[in-house]
Amino acid sequence: MTTPAPSGSSNFIRDLVTTDRTAGKHGGHVVTRFPPEPNGYLHIGHAKSICLNFGLADEIPGGKCHLRFDDTNPTTENPEYVQAIQEDLRWLGFDWHGNMFYASDYFEQLYGFALTLIKKGTAYVDSLTADQMREYRGTLTDPGRDSPFRTRLPDENLDLFRRMRAGEFPDGTHVLRARIDMASPNINLRDPVLYRIRHASHYRTGTTWCIYPAYDFAHPLSDALEGITHSICTLEFEDHRPLYDWIVAETDAPHRPQQIEFARLNLTSTVMSKRKLLELVERKLVAGWDDPRLPTLKGLRRRGVTPEAIRAFCDHIGVAKRDAIVEMQLLEHFIREDLNKRSPRVMAVLRPLKVVIDNYPEGAVEELDAVNNPEDVSAGTRPVPFSRTLYIEQDDFREDPPKQFYRLAPGREVRLRYGYIIKCASVTKDPQTGVITELHCTYDPETKSGSSQEQRKVKATIHWVSAPHAAPATIRLYHPLLLADQTKLPAEQDWTQSLNPQSCELLTGCVVEPSLRSATPGARFQFERQGYFCVDSDSSADTLVFNRTVSLKDAWAKIEKTQQAPQR
RNA sequence: UGGGGGAUCGUCUAGCGGUAGGACGCCGGCCUUUGGAGCCGGCUACCUAGGUUCGAUUCCUAGUCCCCCAGCCA
């Protein structure tokens with residue numbers, strides 16, 4: 001049969017690149033590029049592109065992938081993002097091997113290409129206002145009209161353009177446009193703007209320039225200058241391709257890259273647009289770019305997601321041209337799959353319920369042997385203290401247990417993980433509120449884990465933490481950023497209305513086993529029976545702070561849900 | 001009623017004229033000192049209508065629906 005690809009599965013771009021390479025196109029070389037604009041943080045949508053571009057370069061002998069900052073707009077870009085993007089890329093596990101570039105480094109060459117066009121008569125300086133230009137552009141169905149300045153001669157254009165560069169004109173007074181076709185059915189070809197005046201300081205070139213190249217001009221030429229063979233971008237640039245090709249051809253650029261488009265990643269119940277992410281951060285609707293609820297790489301990292309999980313996800317979602325919305329559950333699947341193999345298991349009680357084991361000797365402490373990772377025997381074991389007073393999860397006790405509830409209830413038995421079988425003898429309640437305050441149980445000393453004395457089976461095993469040894473913790477549970485019910489909001493309504501107000505659930509008063517006292521930020525664990533958690537950067541010696549990365553699959557929750565569903 | 005793209009299980013995705021495969025999800029079952037993991041089984045898809053062909057998801061024609069484009073953003 002077929003041998004699986006080294007990484008990722010076959011897709012139309014991979015096939016095309018392979019075909020080109022074997023056909024000897026571009027001398028058999030493959031050079032891709034990842035061209036972020038440093039005006040925001042990278043998110044998982046970028047990861048798809050990164051995995052594609054760097055993945056291609058890595059798997060093809062001699063293949064290269066450049067990192068290029070597409071920094072042609074001084075008003076939105078800044079070095080903080082340049083730094084963060086590099087960090088995220090490295091964290092994801094990719095290396096540009098020194099091939100890091102900036103479109104701003106090409107400004108002089110780009111200017112030269114513009115001069116070439118002007119001399120040839122295929123670019124001109126237009127002095128219409130932005131509003132006028134819009135009017136002249138026509139509409140989707142009506143052709144545009146020529147600007148009265150379209151007939152300016154090369155010499156005048158040259159003079160004007162040089163003076164634009166020299167700073168003689170204020171913003172918005174002139175632009176350089178390509179002279180293509182104002183009646184083109186493709187609006188991108190109706191004399192697109194190549195340069196605009198911006199008296200703004202650029203984070204790299206300072207005030208050296210006051211004219212800046214537009215994307216449609218800078219991008220193809222940057223690709224050409226770097227010898228990019230396959231310029232992979234998203235679908236919305238598809239109808240820019242004729243322009244891309246026009247620019248490269250008309251400027252007699254040294255090399256002709258090929259633009260290929262694919263569908264960007266969309267994920268359910270989250271936001272992926274740069275604009276919305278920025279808005280969330282600026283309006284402080286989230287804690288920052290690294291808020292664990294965000295699909296930013298920084299957010300995912302802080303949440304405890306591994307780069308391996310993200311890469312596995314990107315490899316499996318495929319690359320195609322149809323618009324798609326991937327279910328968040330698929331991402332979660334890859335997160336669980338990765339974390340299951342590598343996370344040490346520990347016990348933590350999120351919502352504590354006190355349990356006193358009446359027949360266990362007061363003051364006695366036993367060190368029980370707990371397995372660190374059943375998926376990895378080499379992870380070994382650790383001692384966990386056991387005593388007369390412990391905490392169990394409130395959810396693991398029901399005074400009036402429903403059908404199929406196997407856990408603790410009055411008169412019922414459960415096993416304490418790594419410990420003994422206990423039986424619930426009585427329930428203590430607050431006389432005022434009726435709330436259960438503690439449970440009294442008895443243990444069977446013959447049932448200690450690992451002892452071969454008795455092999456009694458009970459229906460359930462629950463986790464616990466010894467009260468006198470417990471370390472206090474604060475735990476954050478994350479829920480979808482967006483409300484599940486996205487029923488058509490009025491078009492003009494603020495999109496943030498669909499944010500889930502309960503996306504971050506803060507749990508205080510949690511208790512975790514003492515071995516966690518030494519856990520440092522970034523450390524990941526599986527809290528047995530609950531999920532994968534990661535020590536947050538807010539964690540301190542007195543209070544540990546954990547973020548839930550993703551819950552474990554919960555069979556009981558499903559049963560309970562169907563039990564609650566209306567009977568028919 | 002301009003141009004550019006796209007339609008395959010609920011969701012992603014494979015297929016390149018030989019009778020639809022994988023993953024997630026869902027539903028059963030086994031196993032289990034995590035109701036986790038693992039294992040076994042099942043579920044459901046070619047946008048529509050014509051045509052070509054022995055044979056069409058693949059080719060042709062005509063429709064339908066969806067996405068993108070009217071920034072001096074990228």
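Chain letters run A, B, ... following the sequence lines, proteins first and then strands; every chain starts at 1.
Following rounding to the nearest Å, A/His333 (NE2) and B/G38 (P) show an atom-to-atom distance of 8 Å. Residue A/Arg336 contributes atom CZ, which lies 7 Å from atom P of B/G25 at whole-angstrom precision.
Minimum atom distance to the side chain of A/Ile317 is reached by B/C12, of the listed B/C72, B/U34, B/C12. Here B/A74 is the nucleotide among B/G36, B/G3, B/A74 with the atom lying nearest to any side-chain atom of A/Asn73. Of the candidates B/G2, B/G5, B/U34, the closest approach to any side-chain atom of A/Gln526 belongs to B/U34. Side-chain proximity of A/Ile559 to B/G35, B/A74, B/U13: nearest is B/G35. When distances are taken from the side chain of A/Arg134 to each of B/A70, B/U34, B/G2, the shortest belongs to B/A70.
OP1 or OP2 of B/A74 sits under 4.0 Å from a side-chain N or O of A/Arg196.
Side-chain N/O atoms of A/Glu279 and A/Trp495 include a donor and acceptor closer than 3.5 Å.
Using a 30° and 60° split on the angle between ring planes, A/Phe169 and A/His174 fall in the perpendicular class, above 60°.
Of the residues in residues 33-41 of chain A, A/Glu37 come within less than 4.0 Å of RNA chain B through at least one heavy atom, sorted by number.
Nucleotides B/U58 and B/G17 are separated by 7 Å at their C1' atoms, to the nearest Å.
Counting any heavy atom pair closer than 4.0 Å across all strands shown, A/Glu375 reaches a base atom.
Within the cation-pi definition used here (under 6.0 Å to the ring centroid, within 45° of the axis), A/Arg145 qualifies as a partner of A/Tyr136.
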Before giving the answer on side chain to side chain contact (heavy atoms under 4.5 Å, CB included), spell out for A/Arg177 and A/Met133 the whole-Å C-alpha distance, their side-chain angles and the decisive distance to 0.1 Å. CA-CA 11 Å; A/Arg177 301 179 73 175; A/Met133 241 173 96; 3.6 Å; yes
